[in-house]
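As structure tokens, the structure follows; a few thoughts come after it.
All of these numbers come straight from a predicted model, not from anything done at the bench. All chains are named by letter (A, B, ...) in the order of the sequence lines, taking the proteins before the strands, and each is independently numbered beginning at 1.
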Protein chains: 2
Amino acid sequence: MEPTRVRAPSIRDVARLAGVSYQTVSRVLNDSPSIKPSTRQRVLQVIDEIGYRPNQAARALVTSKSRTIGVLTSTTAHYGPTTSLRAIEDAARAAGYVVSTTSMVTGDPGSVTESLEHLMAQAVEGIVVIAPQVRVFDAFRELALTVPLVTLDSTAADSPRSMAVDQVAGARLATRHLIELGHEEIIHLAGPRDWIEAEARMHGFLVEVRDADLRTHPPILGDWTADTGYRVGHELLGYRDFTAVFAANDQMALGLIHAFLEAGLDVPGDVSVAGFDDIPEASHYWPPLTTVRQDFAELGRRAVALLLSQLEGTTEVDHRQVTPELVLRSSTAPPR
Amino acid sequence: MEPTRVRAPSIRDVARLAGVSYQTVSRVLNDSPSIKPSTRQRVLQVIDEIGYRPNQAARALVTSKSRTIGVLTSTTAHYGPTTSLRAIEDAARAAGYVVSTTSMVTGDPGSVTESLEHLMAQAVEGIVVIAPQVRVFDAFRELALTVPLVTLDSTAADSPRSMAVDQVAGARLATRHLIELGHEEIIHLAGPRDWIEAEARMHGFLVEVRDADLRTHPPILGDWTADTGYRVGHELLGYRDFTAVFAANDQMALGLIHAFLEAGLDVPGDVSVAGFDDIPEASHYWPPLTTVRQDFAELGRRAVALLLSQLEGTTEVDHRQVTPELVLRSSTAPPR
DNA sequence: TCTCGCAATGTGAACGTACACATCAATGAA
DNA sequence: TTCATTGATGTGTACGTTCACATTGCGAGA
């Protein structure tokens with residue numbers, strides 16, 4: 001039987017075994033310049049032998065840096081945010097940061113504040129907000145937080161700093177595609193009201209429709225789910241003066257198609273449907289979905305780069321918007 | 001202009017302003033029993049006034065408890081794991097723990113070790129592994145980690161502790177459903193080889209098929225993606241001695257259906273397809289997908305409860321497997 | 001030969017908190 | 001009255017690390 005392990009080895013244990021002072025060990029750990037190579041090697045060997053791990057708490061205490069990045073995300077498990085989140089984690093880890101995630105209930109104002117408080121209580125050094133809603137900025141201003149904040153998918157002009165896919169351009173791409181096919185009555189199924197990206201996509205749609213001098217139907221507000229797409233699809237069947245629908249994400253597009261097919265309509269024969277996001281399943285929907293692709297992972301990586309540049313003031317950041325791309329598949333066609 | 005904030009208020013600042021010793025403040029913070037109500041109130045008021053926040057690093061240093069739970073997940077953004085993850089975060093937060101997530105590249109052995117090291121370097125008090133692969137346990141044993149580990153979706157007998165949906169039962173439900181419809185040639189499109197849940201579903205399928213004295217086709221190994229389902233679907237079209245396919249998840253089922261419909265087959269007329277997971281989109285696939293529903297969120301909550309019971313030795317945990325449920329839709333029917 | 005300068009290393013704090021123990025007043029029983 | 005008991009609070013110390021500031025040794029230039 002092993003003796004009871006009383007306590008993890010500390011920097012002093014390493015120092016004693018290597019025959020140097022604790023400060024020398026500290027210098028090796030933080031690779032300080034003036035350490036004799038032989039000394040460094042001896043210290044590193046002892047560290048390896050006894051399995052020493054620096055105590056993060058002690059480090060954080062004395063440097064008052066937690067090396068933690070907080071991520072605020074929505075509770076719902078959408079593809080885009082999740083993909084960005086993974087990319088954020090990877091990028092942060094590569095830069096020596098730890099990521100602590102917390103989710104807020106969409107639509108609950110208290111939840112945003114509470115989540116931000118939770119992150120601040122952990123002394124995060126910076127915050128990334130994924131898929132932000134207007135409300136987040138309000139809460140942020142209200143709390144007067146003292147750490148840098150970066151947002152994803154936000155094109156809000158008043159955001160402290162944001163890294164975004166050009167949602168407006170993406171929406172225009174999809175809308176123009178439908179217009180060029182010859183559609184003159186296009187309906188937009190938008191995302192929830194206070195979501196900034198939903199707002200941007202809606203704006204892109206409206207601009208493009210207006211530019212083409214088409215009649216503007218007021219966009220319908222959805223909640224990103226396929227269920228809502230399905231319900232809205234059913235309602236739309238009531239009035240037939242449209243030949244195409246542009247949904248603000250792929251899931252709602254799927255629901256729409258379901259409703260149309262179920263009613264005996266042909267997609268894209270009777271109605272064209274375009275989505276947004278290009279989730280991995282979109283190419284296997286029936287019919288395969290025409291949609292707008294955005295690089296969620298790249299977005300996450302850039303967000304971290306942007307945050308780090310504010311934290312460490314070193315790296316130059318590519319601050320341009322990520323450009324989305326139209327992916328043509330089989331759910332859109334010229335009107336009959 | 002505000003003067004430069006030199007340093008965050010500490011417990012001593014609170015003590016001075018409240019006219020008590022720092023120890024008294026500490027007691028209030030950890031709600032110790034013997035504090036005069038009037039004193040407690042005075043201290044709390046000062047805390048509120050100056051916006052004091054306990055320094056987690058100092059706390060962690062002295063208690064040698066980080067109050068952090070590490071979560072190890074796969075890089076790919078699947079619905080199930082993501083949903084469980086959100087539930088884990090919520091449950092952990094409710095219990096006063098912080099969650100730090102890290103992802104491993106599926107199929108890369110080094111990545112598992114590296115991710116575990118990363119979590120240990122943060123001094124996490126416990127680890128939850130989502131969607132584990134056999135390899136994780138190997139790495140875990142190898143590192144001889146000193147914190148409790150809980151796994152999700154694992155029915156491996158040798159896991160330290162696991163919280164699972166009864167995958168075998170779920171697979172049997174789906175398979176039996178196809179058999180009862182009259183199918184005699186059923187193919188199983190399984191998940192990747194070393195995924196424990198893939199193994200379990202495959203096992204459930206084989207048991208049920210054997211019980212019914214049907215001819216056993218060797219399961220085909222997939223990678224959970226719709227793309228693979230599509231490719232396999234195409235290959236299957238080569239030999240027609242099957243009337244039904246049971247896919248190990250919904251995405252692969254979607255890909256299969258895509259391949260079949262594209263080839264002019266009718267689903268479920270010519271081929272029945274059943275999936276697993278019941279992701280929110282499954283009911284809007286065309287045709288709506290018959291699948292097996294599992295409660296990912298409940299799984300996450302129970303995993304945290306299990307972990308906390310090991311960390312704090314208090315709560316009694318419901319350790320039964322979560323029971324999955326068959327959801328009948330339109331992608332399955334009797335064979336022609 | 002002496003001293004200056006630099007490379008390499010060491011010493012004494014301090015970070016903010018919780019624990020163990022000490023202190024003090026008030027209370028009640030002997 | 002005296003002393004043990006208890007409730008309420010205070011004092012000293014340790015946690016493991018980094019920072020600021022010594023201190024040493026050695027080679028080069030005067």
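- Each of B:T101, B:T73, B:L307, B:V304 was compared with B:I88 under the side chain to side chain contact (heavy atoms under 4.5 Å, CB included) criterion, and only B:V304 meets it.
- For the OP1/OP2 pair of D:dT18 and a distance below 4.0 Å, the side-chain nitrogens and oxygens of A:R59 include at least one atom meeting the criterion.
- No donor-acceptor distance shorter than 3.5 angstrom exists from the side chain of B:D90 to the backbone of B:A87, with no hydrogens or angles considered.
- Protein atom CZ of B:R12 is 10 Å distant from nucleotide atom P of D:dT11, rounded to whole Å.
- Evaluation of the side-chain contact (heavy atoms from CB on, under 4.5 Å) rule for B:A58 yields A:L61, B:N55 as partners, not counting sequence neighbours.
- Comparing the end axes of the helix from C:dT1-D:dA30 to C:dA30-D:dT1, each fitted to five base pairs by superposing C1' atoms of four pairs onto the next four, gives an inter-axis angle of 60° (nearest 10 degrees).
- Within a heavy-atom distance below 4.0 Å of DNA chain C, the residues of residues 39-47 of chain A found are A:T39.
- Within 4.0 Å of A:S10, counting heavy atoms only, lie sugar-phosphate atoms of the nucleic acid but no base atom.
- Where DNA chain C meets chain A (any atom under 4.0 Å from a heavy atom), the bounding nucleotides read 5' to 3' are C:dA8 to C:dG16.
- Of the charged side-chain nitrogens involved, none lies within less than 4.0 Å of a carboxylate oxygen, so that A:E312 and A:K65 do not count as a salt-bridged pair.
- For the pair A:E298 and A:R302, the salt-bridge criterion is met [side-chain N within less than 4.0 Å of a carboxylate O].
- The 5' end of DNA chain D is approached more closely, in terms of each residue's nearest nucleotide, by B:S34 than by the other of B:S34 and B:T63.
- In this structure a side-chain-to-backbone donor-acceptor pair under 3.5 Å is missing from A:R59 to A:P54.
- Both B:R27 and B:N55 lie near DNA chain C, and the one whose nearest nucleotide falls closer to the 5' end is B:N55.
- Residue B:L29 is classed as having no contact, given no heavy-atom separation below 4.0 Å to the nucleic acid.
- When side chains are defined from C-beta on, B:H118 counts as touching A:V98, because their heavy atoms get closer than 4.5 Å.
- Shortest non-hydrogen contact noted between B:S115 and A:R93 is OG-NH2, 3.3 Å.
- Backbone-only contact: A:P54 has heavy atoms under 4.0 Å from sugar-phosphate atoms and none from a base.
- Note on residues 79-103 of chain A: pairs passing ring-ring contact (aromatic ring centres under 6.0 Å, His included), not counting sequence neighbours, are A:Y79-A:F296.
- Residues B:A123 and B:S66 share a closest heavy-atom pair of O-OG, 2.5 Å.
- Rounded to an integer number of Å, the gap from CZ of A:R67 to C1' of D:dT17 is 15 Å.
- Annotation: of the two residues near DNA chain D, B:P37 and B:A58, the 5′-most nearest-nucleotide partner is B:P37.
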* Please step through side chain to side chain contact (heavy atoms under 4.5 Å, CB included) for the pair A:V99 and A:T68, ending with a clear verdict. => CA-CA 6 Å; A:V99 170; A:T68 299; over 6 Å; no
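- Residues from residues 15-26 of chain A with heavy atoms under 4.0 angstrom of DNA chain D, sorted by number: A:Y22, A:Q23, A:S26.
- The nearest pair of heavy atoms linking B:E125 to B:V147 is O-CB, 3.4 Å.
- Rounded to an integer number of Å, the gap from CD1 of A:I11 to P of D:dC19 is 11 Å.
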* Asked: Can you check side chain to side chain contact (heavy atoms under 4.5 Å, CB included) on B:V129 and B:L149, steps first, answer last?
  -> CA-CA 7 Å; B:V129 180; B:L149 175 91; 3.4 Å; yes
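- Atom CD of A:Q56 and atom C1' of D:dT18 are 13 Å apart (whole Å).
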